[in-house]
Amino acid sequence: MSAINDSKTSAGTQKPSFRTPDAQGYYGKFGGAYIPEMLHRNVEELRTRYLEIMHSPAFKKEYQNLLRDYVGRPTPLYLARRLSAQYHTEIFLKREDLCHTGAHKVNNTVGQILLAERLGKRRIIAETGAGQHGVATATVCALKGLECIVFMGEKDIARQAPNVARMKMLGAKVIPATSGSKTLKDATNEAIRDWINNPNDTHYIIGSVVGPHPYPDMVARFQSVISEEIRTQLKRETGEELPTHVIACVGGGSNAAGAFYHFLDEESVELIAVEAAGHGLTSGMSAATTQLGRPGVLHGSKSLVMQTADGQVVEPHSISAGLDYPGIGPLHAHLYESGRATFLNATDEEALRAAFGLAKLEGIIPALESAHALAALDQLSLNEKDRVVICLSGRGDKDLATYMHAMEGGL
Amino acid sequence: MSRINKLFESKNKEVLNMYCTAGYPRLDSTLEIMAALQEGGADLIELGMPYSDPLADGPVIQASGTKALENGMTLAKLFEQLEKMRPAIRIPVLLMGYMNPVLQYGFEKFCADAAAAGVDGLILPDLPMYEFETEYGALIRRHGLDFVFLVTPETSDERVRRVDALSSGFLYAVSSSSTTGKDKNMGDQQAYFKRLQGLGLKNPVLVGFGIRDRQTFLDACRHTNGVIIGTAYIKALDAGPDIAAATRTFIHSITRK
Ligand SMILES: Cc1ncc(COP(=O)(O)O)c(C=O)c1O
């Protein structure tokens with residue numbers, strides 16, 4: 001698997017790669033490990049061991065087997081003909097929604113659980129917003145017979161009841177985060193605090209390309225299987241390995257990191273990241289971090305952060321709980337600042353319309369997060385020669401309540 | 001010689017560093033609390049700068065920060081209040097907080113304004129050693145501020161020595177791997193405190209996290225130079241409106257002086 005085979009850092013190659021951070025975990029000026037000393041030993045253990053473990057033949061074999069037999073990879077690259085006709089171009093959907101548990105999140109949790117096992121950890125903690133990462137973590141913990149504790153904002157527990165039930169059925173303990181704004185940001189704080197208080201037996205499975213180095217790089221490597229497959233599948237389908245555009249939604253940025261990874265250093269490929277605009281960029285109810293954030297430190301890395309003039313982190317808003325995060329992974333902050341990727345955004349309303357559009361045109365109900373990526377099609381000028389790949393990061397089962405509500409509203 | 005160095009030159013046993021959150025319980029109680037701490041017998045003051053996402057803090061200090069922010073505390077407001085701190089406050093004062101608000105304020109401007117107000121040192125637990133050495137340490141030193149790093153029972157001897165070399169003022173020994181305010185037993189940590197004592201460090205060592213009464217105070221002081229108390233004092237402040245009385249009673253219960 002070339003994805004996790006690649007151990008080079010950008011230092012030393014003639015042309016710096018966008019893929020990997022430097023030895024201190026920096027992508028350009030973003031990244032690093034801004035952690036209190038209480039986390040040092042655990043993060044340092046991970047930093048010194050993750051590549052060696054990920055490159056070991058036994059690990060790779062077990063990871064690949066699980067991705068194939070348990071997750072159901074490779075996921076299809078589906079040529080969406082009716083959607084393509086609507087936009088007069090060729091659109092392929094990378095079907096991460098068909099992964100076991102319903103989203104790309106499991107690519108990362110399968111990898112990290114194998115890593116945790118090799119580090120001798122018996123207790124797994126995770127944060128979750130919509131519950132997708134929590135479910136994906138609870139799933140692999142059940143698979144490996146490990147204790148699982150998921151932190152979830154008190155507000156999200158109320159909003160995402162089906163996923164809370166799934167986690168419980170899988171044997172996880174769901175602990176409400178009652179501090180701060182009681183959503184994903186605070187669930188992440190609580191997970192980090194738990195790790196500080198349990199320094200010996202615990203591994204923290206972060207759900208996106210955020211957190212202190214080496215998390216952003218490690219999670220991106222686990223998710224890079226998405227673009228690795230796209231390359232092979234596209235070549236087989238079209239004779240061309242490279243798409244013209246890759247579009248993905250960005251919360252913390254893990255599905256986008258995975259979908260972009262093997263195209264990051266292919267200059268011809270236009271990379272399009274779609275953030276959640278919520279009620280609109282100027283509404284005060286938005287989660288478009290690159291548009292509204294400034295450089296800062298959140299959850300252990302330097303990146304772009306939505307905050308007040310006094311440096312207090314603000315509560316974002318998105319209809320999709322998975323994009324409702326006031327930060328963004330340091331890789332994406334760098335892709336934004338360097339101009340390597342284009343950052344668009346879609347409102348709640350636009351995402352809802354895109355979700356209903358895909359359901360009717362292709363018979364696929366997307367997750368609300370993924371619907372933001374679909375909504376970006378309206379903002380691009382595409383032609384028949386383009387080969388557009390959209391990362392359909394998850395399925396919409398978890399969002400049915402929101403969709404039902406929208407239908408009552410006339411959609 | 002810094003005000004902190006001078007303190008440790010005249011007193012190196014049972015040194016008491018008291019933590020309070022700026023803007024808590026009231027926006028304008030900051031100086032009142034500092035005066036009460038000084039009168040009550042504190043040797044140093046660690047003033048917490050409230051932050052929305054304080055990763056290393058337990059529920060009590062988190063709640064005090066949330067309240068302080070609701071009260072309207074900001075870094076700009078804090079520096080306004082601290083302009084009147086000296087000379088009434090004679091003991092050393094450190095600012096403790098997290099990187100994000102400081103970066104927003106502007107790191108260099110922050111150091112300059114802190115020094116101008118008479119602040120003696122900084123504790124920023126999420127400022128890593130690498131960034132300290134390559135970027136921020138020089139700015140801190142340029143403004144004559146001490147910088148205190150943390151060590152924990154899990155910090156190796158080699159790393160304690162590196163941290164000690166970079167720190168000035170004192171070294172902050174976190175009593176056990178935890179967030180602030182956990183009721184841990186200091187008696188169990190003697191081997192760790194002794195290990196630090198045996199390393200021949202250039203900085204004095206103060207123990208923080210979990211010091212809450214006479215017993216934990218004495219246990220923590222046996223092999224170190226003193227303690228830092230936060231959570232227990234914030235709780236004591238919640239007992240009644242008379243800050244001076246609550247502070248006097250609390251410090252007396254710890255030091256019996
Ligand atoms: C289906 C789906 N897509 C996207 C995301 C956003 O996460 P990321 O930006 O890390 O891919 C989530 C998060 O919960 C999700 O469930």
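Each chain gets a letter, A, B and so on, in the order its sequence line appears, and its residues count up from 1.
The only member of B:Gln189, B:Gln197, B:Arg195 that meets side-chain hydrogen bond (donor to acceptor under 3.5 Å, both in side chains) when paired with B:His223 is B:Gln197. Partner B:Val205 forms a side chain to side chain contact (heavy atoms under 4.5 Å, CB included) with one of B:Thr224, B:Leu199, B:Asp164 and no other, that one being B:Thr224.
Heavy atoms of A:Ile192 lying under 4.5 Å from chain B belong exclusively to its side chain. When heavy atoms are compared at a cutoff of 4.5 Å, B:Phe132 does not approach chain A at all. At a 4.5 Å heavy-atom cutoff, the contact between B:Gln62 and chain A is made by side-chain atoms alone. Heavy atoms closer than 4.5 Å to chain A are found in both the backbone and the side chain of B:Leu55. In this structure, the portion of B:Leu69 lying under 4.5 Å from any heavy atom of chain A is its side chain and not its backbone. The contact between A:Gln307 and chain B is made entirely by side chain atoms (from C-beta outward), counting heavy-atom distances below 4.5 Å. Looking at B:Thr74, the atoms closer than 4.5 Å to chain A (heavy atoms on both sides) sit in the backbone and in the side chain alike. Of the atoms belonging to B:Tyr130, it is side-chain heavy atoms, and not backbone ones, that fall under 4.5 Å from chain A. Using a 4.5 Å cut-off between heavy atoms, A:Asp194 does not touch chain B at all. For B:Met49, no part sits under 4.5 Å from any heavy atom of chain A, backbone or side chain. Interface residue B:Lys182: only side-chain heavy atoms are found under 4.5 Å from chain A. Both the backbone and the side chain of B:Pro54 have a heavy atom closer than 4.5 Å to some heavy atom of chain A. There is no contact between B:Val102 and chain A, counting heavy-atom distances below 4.5 Å. With a 4.5 angstrom heavy-atom cutoff, A:Pro295 touches chain B only via backbone atoms. Contacts of A:Gln312 with chain B are made by both backbone and side-chain atoms, with heavy-atom separations under 4.5 Å.
Residues A:Tyr325 and A:Leu298 form a side-chain contact, since some pair of their non-hydrogen atoms from C-beta on lies under 4.5 Å apart. Counting heavy atoms from C-beta on, the side chains of B:Phe79 and B:Leu95 come closer than 4.5 Å.
Chain A forms more heavy-atom pairs under 4.5 Å with one residue of B:Val163, B:Leu103, B:Leu75, B:Leu127 than with any other, namely B:Leu75. Of the listed residues (A:Arg193, A:Met38, A:His40), the greatest number of heavy-atom pairs within a distance under 4.5 Å of chain B belongs to A:Arg193. Of all the listed residues (B:Ser156, B:Ser52, B:Ala63), the one sharing the greatest number of non-hydrogen pairs under 4.5 Å with chain A is B:Ser52.
Side chains of B:Thr180 and B:Asp57: a donor on one and an acceptor on the other come within 3.5 Å. Remark: the A:Tyr50 side chain and the A:Thr48 side chain contain no N/O donor-acceptor pair separated by less than 3.5 Å.
Between B:Phe209 and B:Tyr172, the ring planes lie perpendicular to each other; the angle is over 60°, past the 30° to 60° tilted range. Below 30°, between 30° and 60°, or above 60°: for B:Phe149 and B:Phe147 the angle between ring planes is above 60°, a perpendicular geometry.
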Exercise. Between A:Arg221 and A:Asp217, does a salt bridge (charged side-chain N to carboxylate O under 4.0 Å, His left out) hold up when you go through it step by step?
Worked result: CA-CA 6 Å; A:Arg221 285 170 190 261; A:Asp217 183 46; 2.9 Å; yes
For this session: Carefully, step by step, assess A:Glu147 and A:Lys173 under the rule salt bridge (charged side-chain N to carboxylate O under 4.0 Å, His left out).
Result: CA-CA 9 Å; A:Glu147 185 184 355; A:Lys173 188 166 158 197; over 6 Å; no
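Ion pairing between A:Asp201 and A:Lys121 fails under the 4.0 Å rule for side-chain N and carboxylate O.
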